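This report refers to the structure that appears directly beneath it.
Source: prediction; values computed, not measured. The figures here come from the full heavy-atom set of this structure, side chains too, leaving out hydrogens, waters and symmetry mates.
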Amino acid sequence: MLNFAAQAARDTRLIEDYLRAHGLSADAATAGGLADRIARAEHFELPDGGYLFDDDLNALAGLALRLPYPLTTIEYIGRDPAGRTLRRLGLCSEFLDPSGARYISVVAFVRDEGRWGIVPVAIEFSSDGWEKLSADGIPFYEFAADPDLAPPAPPRYAFRPVPLMAESAQHVTDDRRALVEQIAAATTVAESLLSMLSALACSNVTAEIAERVDPKVNARRIRAGKLPIWETRVLTVLCPRTPINRTGTASDRASPRQHLRRGHVRHLPDGRRIWVNAAIVGDPKNGRIRKFYDVRTAA
């Protein structure tokens, strides 16, 4: 297990102490509240890159977005364009705005130079359905029209950035380039959350605890000055043991050539959504079609 949540909670406490020592009491209270919320959350570990499926979030179509738990963290390892390791954590929660509309908030944490830090901009987006996302949000490309500042692929949802710790982060909000970079870091984590929600929308995807943790073991670790190990869930796809291998008939698309059918979300007549793993289909007697994909496997 990565145990990023326990590490981030510890380092956020150090940030709280630092801010309080420098007279930034409001920001210190914010940091302390974030550390408390991380400790109370249910934790999920995602595959490298932050995505279980590469399906363009199709399973979310028409659904209200709901977190699996009121307080949820997601953690994963990514890679930057230079191939360097990126450690990411998202603290995700639901709330009602003054109008009664439900929103999801994502606070991102990044590890740099051996210590976790808080991205000073939170991301909020509507949970009222993939096809009813907030019209008053800010699409990323409108916010960062300069192509030199925009990320390679814009988020596919409208959102609103919310500054955190305004006392100590004013220099970030005053600097457009720095602000856009922070929003890009936060939206990357928010998209990984959407990917997880897309997977959980499939009836054959479950969230299972990767390893049970004995409270007595954690108590001994804490007494020894070590971090506790927090129970973390991983997403598991429940599929048949053997892939579907249809040879095809005259009535089955005229026996297509054998090829790899990419994994995809299937919408069943009863309304359920299921994830269908990649499979070899078609008749090899009719030849083979060779395709290459970036395949990601869950932990």
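- In this structure, the separation between CG on L91 and OG on S105 is 7.5 Å, given to the nearest 0.5 Å.
- Under the 4.5 Å side-chain contact rule for hydrophobic residues, V110 and L193 do not share a cluster.
- Note that the CD1 atom of I74 and the NE2 atom of H43 stand 13.0 Å from one another [nearest 0.5 Å].
- Under the 4.5 Å side-chain heavy-atom criterion for grouping Ile, Leu, Val, Met, Phe, Trp and Tyr, L235 is connected to L194 within one hydrophobic cluster.
- Cluster membership check: L46 shares its hydrophobic cluster with L67, using side-chain heavy-atom separations under 4.5 Å among Ile, Leu, Val, Met, Phe, Trp and Tyr.
- Residues I118 and L86 do not share a hydrophobic cluster, clusters being chains of Ile/Leu/Val/Met/Phe/Trp/Tyr side chains in contact below 4.5 Å.
- The shortest distance between side-chain heavy atoms of R233 and P68 does not fall below 4.5 Å.
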Practice task
Check the pair T73, C92 against side-chain contact (heavy atoms from CB on, under 4.5 Å), reporting the backbone distance first and the verdict last.
Solution key: CA-CA 6 Å; T73 70; C92 315; over 6 Å; no
Exercise for the section: Check the pair T232, L2 against side-chain contact (heavy atoms from CB on, under 4.5 Å), reporting the backbone distance first and the verdict last. Expected result: CA-CA 9 Å; T232 302; L2 300 176; over 6 Å; no
Exercise for the section: Applying side-chain contact (heavy atoms from CB on, under 4.5 Å), run through E231 and R212 and close with a yes or a no. Expected result: CA-CA 6 Å; E231 286 186 340; R212 294 288 177 182; 3.6 Å; yes
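- Side-chain contact between F125 and V106 is present, with at least one heavy-atom pair separated by less than 4.5 Å.
- Between M196 and Y51, the closest side-chain pair of non-hydrogen atoms is not below 4.5 Å.
- Applying the salt bridge (Lys or Arg N to Asp or Glu O under 4.0 Å) rule to pairs touching residues 100-112 yields E94-R102, sequence neighbours excluded.
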Practice task
Step by step, work out the salt bridge (Lys or Arg N to Asp or Glu O under 4.0 Å) result for K216 and D214.
Solution key: CA-CA 5 Å; K216 294 180 181 179; D214 186 343; over 6 Å; no
Exercise for the section: Kindly indicate, with the supporting measurements, whether the criterion side-chain contact (heavy atoms from CB on, under 4.5 Å) is fulfilled by V107 and L164. Expected result: CA-CA 9 Å; V107 179; L164 296 171; 3.7 Å; yes
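- In this structure, F44 and Y69 have tilted ring planes: the angle between them lies in the 30° to 60° band.
- Using a 4.5 Å heavy-atom cutoff, the side chains of D11 and F109 are not in contact.
- The hydrophobic clustering, which links ILVMFWY residues whose side-chain heavy atoms are closer than 4.5 Å, places V162 and I123 apart.
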